[in-house]
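Scroll down for the structure; my scribbles are underneath it.
Predicted model, so just to flag it, every value in this text is computed and none were measured. A note on names: the letters A, B, ... follow the listed sequences, proteins ahead of strands, and every chain is numbered from 1.
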There are 2 protein chains.
Amino acid sequence: MKTLNTIPLNQILQGDCIELMNSLPEKSVDLIFADPPYNLQLGGDLHRPNNTKVDACDDHWDQFDSFKAYDEFSNAWLKAARRILKDDGTIWVIGSYHNIFRVGVTLQDLGYWMLNDVIWRKTNPMPNFRGRRFTNAHETMIWCSKSEKAKYNFNYEAMKAFNDDVQMRSDWLLPICNGGERLKNDEGVKAHPTQKPESLLYRVIMASSKPGDVVLDPFFGTGTTGAVAKKLGRNFIGLERETDYIKVAEKRIKSIKGEVDTSLLTTPAKRQAPRIPFGTLLERGLLEPGTKLTDVKGRYEAKVRADGTLSASDFRGSIHQVGAKVQNAQACNGWTFWHMEKGSERVCIDELREQVRSELAS
Amino acid sequence: MKTLNTIPLNQILQGDCIELMNSLPEKSVDLIFADPPYNLQLGGDLHRPNNTKVDACDDHWDQFDSFKAYDEFSNAWLKAARRILKDDGTIWVIGSYHNIFRVGVTLQDLGYWMLNDVIWRKTNPMPNFRGRRFTNAHETMIWCSKSEKAKYNFNYEAMKAFNDDVQMRSDWLLPICNGGERLKNDEGVKAHPTQKPESLLYRVIMASSKPGDVVLDPFFGTGTTGAVAKKLGRNFIGLERETDYIKVAEKRIKSIKGEVDTSLLTTPAKRQAPRIPFGTLLERGLLEPGTKLTDVKGRYEAKVRADGTLSASDFRGSIHQVGAKVQNAQACNGWTFWHMEKGSERVCIDELREQVRSELAS
DNA sequence: CCAAGGCATGAATCGTTGG
DNA sequence: ACCAACGATTCATGCCTTG
């Protein structure tokens, strides 16, 4: 494949992304966003508790023989990306714990300079159905400049403005892509197993590029990067192998008239008063496992357990459940019912919660 | 240093953590929590395994040299840790984007099996003063078992109870360590630059160990791991080079009184409840042969046979087999699937099992 | 037309025990 | 080591059906 002299804008190029990048002129791209295969290494099938089968990402493009093969792949495409990236351009790569550590090392070894790792916290992740691990509720993005001294672009003021005038943090709370945004094929089946939400790309592109910039995505899929780039007045280049994805992406991008929906940039409304699990008082040392709690008169009592539940004679449960049980009542607000002894006084545990709330607010 | 036959508990061992770990008996530790140094650019803490010092440098070649040294260091201590870790033990390592990707790759390359990456979201991170990046508001922990097939320990029910009866997610919001918890030396200066909050260790130790387990921290510092281990009824081993840190940690841990009733420290899991054959319900008269069972909606039905099996139209078998068959599913938990009619209500047979269990316990 | 409830589904490295 | 059987396990969201 011969090298082009000018860069083809606002198009999807079909083929292997490494070969395609090698055909593009060097130092011609301002921003790269990449969502490479995660090398998931899934075992057998997984079923939900209601016996339905989880639709796993088992596509051929996610299969690698070994970590070594995956590292060689990462090294190859990140090297090709480095050649076409302008000296002051930046690159984002997204992944999960299956692959992101290997991608991070490859980035560092190739001389990229890490600026941030940014956590995409999902409001609605898939639960852990078997109860064997923590709910995998986030993905990680790495943001790099081409070198330590590069004068990269970061729209600090814009990010701050969109975040209620406080600095944008490295953890972003955004929903996964579903509902109307999720693209379906003619049979009504999801067109791509891992379509990213536009809200994520809005922040990425807003933060690290300017209108008129060239934004390249080497694993274009159904074209979220291109769609958002167009909406934000940037030029895009999409690289993709699969004909089916390209068709969907072209239709999607064609239908966009370049308007910006700024609501996608903002953080979902902050919860009013943050919910404080009772266990928080334990891990913060405000209470200890074994502490005796009583009602305000000292008629009923229970002991605090390490997992943030209470135990009373032969009953265990939340502060609310145990509070109701000892009174033989239907319901009980454990926060106002239970007190701890402090010297000769009884202090309501709700005061401890207030203390935590004020610390969380600061 | 010669190898010990028994493991020294609830002590801080002074010296190089790799040498000290090599002196401990193999497969003797249940849980490792490690907060390794990652000041690549500061020089002070980073030595090659042969004890030569790595120069702090900026340019690319030396940066690569320093990554290589860091990888050798990680490989050495994680290998030593692997030897002393029990086959069903787990390890946590915490870091930031400067080092965590390299640590992650080393873990994977040594054969550790990643279970989760967990994000510690800081309520009160240091702001980014220059406004050139996103506020670095989190650190990353990697949690691994020793191998893919290991039967590691995860206290799912405890973590769920702790989190208001919703699965604990992979992102944890916790404040950094300051205020009264932050240890100061005699001059009133913070005793350690990166003291971790006890709340973080509380969750780690609660989630992945049992009372009486051995918890080792190879970079003990001021001993947060030991302090929380003691509070939660676990044994600790701390490894540390610096005399100043050891003094502070010993004083800290000595002041903790660690007697807590073990029953308050553990959350019973249904998984480890004694097995009750379905036939027991019959011989105890809780069910009679011929009783009709249905699913919760009354869509499927079966009859109880005297031998403790069920029969449905033209199929006979265990409660599980028949439950699966009528639904045309691969598997089924008959205990939660089948219900008996009691007046106008349907009662799950799992409640009958609970009744038997409580009778057997008393 | 609206409210309530049912149902589908998302990048997932998701068993244990006894024969 | 392999196999069969037991039996434990889900949260947020959006669309659709039912009343």
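Using modelled atom types, no side-chain atom of A:Asp59 and backbone atom of A:Trp61 make a donor-acceptor pair closer than 3.5 Å. Remark: side-chain polar atoms of A:Glu240 are paired, donor with acceptor, to backbone N or O of A:Glu242 under 3.5 angstrom. Between the A:Tyr70 side chain and the A:Pro37 main chain, a donor and an acceptor come within less than 3.5 Å of each other.
Residues B:Glu345 and B:Lys342 are not paired through a salt bridge, judged by the lack of any N-O separation under 4.0 Å between the basic side chain and the carboxylate.
Between the C1' atom of D:dA12 and the CG atom of A:Asn124 lies a distance of 5 Å, rounded to the nearest Å. Atom CG in B:Asn163 sits roughly 13 Å away from atom P in D:dT10 (whole-Å rounding). If you measure from atom CZ of A:Arg48 to atom C1' of C:dC7, you get 11 Å, rounded to the nearest angstrom. Taking atom CG of B:Asn116 as the reference point, atom P of C:dA12 lies 13 Å away to the nearest angstrom. Atom NZ in A:Lys122 sits roughly 7 Å away from atom P in C:dA12 (whole-Å rounding). As rounded to whole Å, 16 Å separates atom C1' of C:dT13 from atom CZ of A:Phe134. Summarising the geometry, the separation between NZ on A:Lys53 and C1' on C:dG10 is reported as 15 Å, rounded to the nearest angstrom. B:Tyr156 places its OH atom 13 Å from the P atom of C:dG15, with the value rounded to the nearest Å.
Among the atoms of the strands shown, only primed sugar atoms or phosphate atoms (P, OP1, OP2) are found under 4.0 Å from some heavy atom of B:Lys160. The residue B:Lys297 sits close only to the backbone: its heavy atoms come under 4.0 Å of sugar-phosphate atoms, none of a base. The residue A:Asp62 sits close to a base: some heavy atom pair falls under 4.0 Å. In this structure, A:Asn51 reaches neither bases nor backbone, as no heavy-atom distance under 4.0 Å exists between it and the strands shown. As judged by a 4.0 angstrom heavy-atom cut-off over every strand, B:Gly323 is placed among residues making no nucleic acid contact. Counting any heavy atom pair closer than 4.0 Å across all strands shown, A:Ser96 reaches no nucleic acid atom.
For C:dA11, the base has a donor-acceptor partner in the side chain of A:Lys196 [N/O atoms by modelled type, under 3.5 angstrom].
D:dT10 and C:dC7: their C1' atoms are spaced 14 Å apart (whole Å). Across the P atoms, D:dA4 and C:dT13 are found 28 Å apart, a figure rounded to whole Å. A distance of about 23 Å separates the P atoms of C:dC14 and D:dG7, rounded to the whole Å. Look at the P atom in both C:dC1 and D:dC16: the space between them is 16 Å, to the nearest Å.
Comparing D:dT13, C:dC7, C:dG10 against the side chain of A:Thr123 picks out D:dT13 as the nearest. Closest approach to the B:Gln167 side chain among C:dA11, C:dA12, D:dT10 is made by D:dT10 (side chain taken as heavy atoms from C-beta onward). For A:Asn128, taking side-chain heavy atoms from C-beta onward, the closest of the listed nucleotides C:dC14, C:dT13, D:dT10 is C:dC14. Set against C:dT9, C:dA11, C:dC14, the side chain of A:Arg132 has C:dC14 as its closest nucleotide. Considering only side-chain atoms of A:Arg133, the nucleotide from C:dT9, C:dC14, D:dT13 that sits closest is C:dC14. Checked against C:dA12, C:dT9, D:dT10, the side chain of A:Pro127 finds its nearest nucleotide in D:dT10.
The shortest side-chain heavy-atom distance between A:Arg182 and A:Gln195 falls under the 4.5 Å cut-off.
In terms of position along DNA chain C, the nucleotide closest to A:Arg182 lies nearer the 5' end than the nucleotide closest to the other residue of the pair A:Arg182 and B:Glu148. Between B:Arg299 and A:Val54, the one whose closest nucleotide on DNA chain C sits nearer the 5' end is B:Arg299.
Aromatic ring centres of A:Phe220 and A:Phe236: separated by under 6.0 Å. Between A:Phe129 and A:His47, the ring centre distance reaches or exceeds 6.0 Å. Taking the centre of each ring, B:Tyr112 and B:Trp143 stay at or above the 6.0 Å mark.
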Check: Pairs counted as Watson-Crick or G-U wobble with both distances under 3.5 Å: what dot-bracket string results for DNA chain D, using | for bases tied to another strand?
Finding: .|||||....|||||||||

Short N/O separations, protein against nucleotides 14-19 of chain D, under 3.5 angstrom:
none

Please write out each protein N/O paired with an N/O of nucleotides 2-8 of chain D under 3.5 Å, distance rounded to 0.1 Å.
{"unit_1": "D:dC6", "atom_1": "OP2", "unit_2": "B:Ser318", "atom_2": "OG", "d": "2.8"}
{"unit_1": "D:dG7", "atom_1": "OP2", "unit_2": "B:His320", "atom_2": "NE2", "d": "2.7"}
{"unit_1": "D:dG7", "atom_1": "OP2", "unit_2": "B:Trp335", "atom_2": "NE1", "d": "3.1"}
{"unit_1": "D:dG7", "atom_1": "N7", "unit_2": "B:Cys332", "atom_2": "O", "d": "3.4"}
{"unit_1": "D:dG7", "atom_1": "N2", "unit_2": "A:Arg130", "atom_2": "NH2", "d": "3.4"}
{"unit_1": "D:dA8", "atom_1": "OP2", "unit_2": "B:Arg353", "atom_2": "NH2", "d": "2.6"}
{"unit_1": "D:dA8", "atom_1": "N7", "unit_2": "B:Asn333", "atom_2": "ND2", "d": "3.3"}

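Judged by the 6.0 Å and 45° rule, A:Arg102 forms a cation-pi pair with A:Phe67.
Every pair passing salt bridge (Lys or Arg N to Asp or Glu O under 4.0 Å) that includes a residue from residues 32-41 of chain A is listed here, sequence neighbours excluded: A:Asp35-A:Lys196. Listed by first and then second residue, the salt bridge (Lys or Arg N to Asp or Glu O under 4.0 Å) pairs involving residues 305-333 of chain B are B:Arg305-B:Asp307 (not counting sequence neighbours).
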Next item on the list: Test B:Glu341 against B:Thr294 for side-chain hydrogen bond (donor to acceptor under 3.5 Å, both in side chains), laying out the working first.
Entry: CA-CA 8 Å; B:Glu341 292 178 351; B:Thr294 69; 4.6 Å; no

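At most 12 non-hydrogen atoms from other residues, nucleotides or ligands lie less than 6.0 angstrom from CZ of A:Arg241.
Taking syn as a glycosidic angle within 90° of 0, C:dT13 qualifies as syn.
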Going by atom type alone, with no hydrogens or angles, which donor-acceptor pairs under 3.5 Å involve a side-chain atom of residues 114-121 of chain B and a protein atom two or more places apart or on another chain?
{"unit_1": "B:Asn116", "atom_1": "OD1", "unit_2": "A:Phe134", "atom_2": "N", "d": "3.0"}
{"unit_1": "B:Asn116", "atom_1": "ND2", "unit_2": "A:Phe134", "atom_2": "O", "d": "3.1"}
{"unit_1": "B:Asp117", "atom_1": "OD1", "unit_2": "A:His138", "atom_2": "NE2", "d": "3.3"}
{"unit_1": "B:Asp117", "atom_1": "OD2", "unit_2": "A:His138", "atom_2": "NE2", "d": "3.0"}
{"unit_1": "B:Trp120", "atom_1": "NE1", "unit_2": "B:Leu174", "atom_2": "O", "d": "2.9"}
{"unit_1": "B:Arg121", "atom_1": "NE", "unit_2": "A:Asp171", "atom_2": "OD2", "d": "2.6"}
{"unit_1": "B:Arg121", "atom_1": "NH2", "unit_2": "A:Asp171", "atom_2": "OD2", "d": "3.2"}

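Aromatic stacking of B:Trp113 on C:dT13: satisfied, with centres closer than 5.5 Å and planes within an angle under 30 degrees.
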